[in-house]
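Take a look at the structure below.
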Amino acid sequence: MNNPPPSEQIDKFKEAARELETDQSEEAFDRVLKKVAQAKHSPHDEAVERAGKGAVVRPKKR
């Protein structure tokens, strides 16, 4: 494979971030983190919590 040099890859990442108008402030990070932290758990996550740590929980067949 032909991978670009790391510096070129970093520059492409930075340019994409600029185009998406990313915000590097701590306040913006905290806002997004709170949204994620308050997100409801999926049924699978709840089943894992009920079953206990280390348990294997398989999804229901549809």
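Numbers here are sequence positions counted from 1. The analysis underlying the following values was restricted to heavy atoms, covering all of them including side chains, and did not include hydrogens, waters or symmetry mates.
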All side chain to side chain contact (heavy atoms under 4.5 Å, CB included) counterparts of Ala28, not counting sequence neighbours: Asp23, Ser25, Arg31
What residues form a side chain to side chain contact (heavy atoms under 4.5 Å, CB included) with Glu19, not counting sequence neighbours? Glu15
Inter-residue atom distance Phe29.CZ - Lys34.NZ, 0.5 Å rounding: 11.5 Å
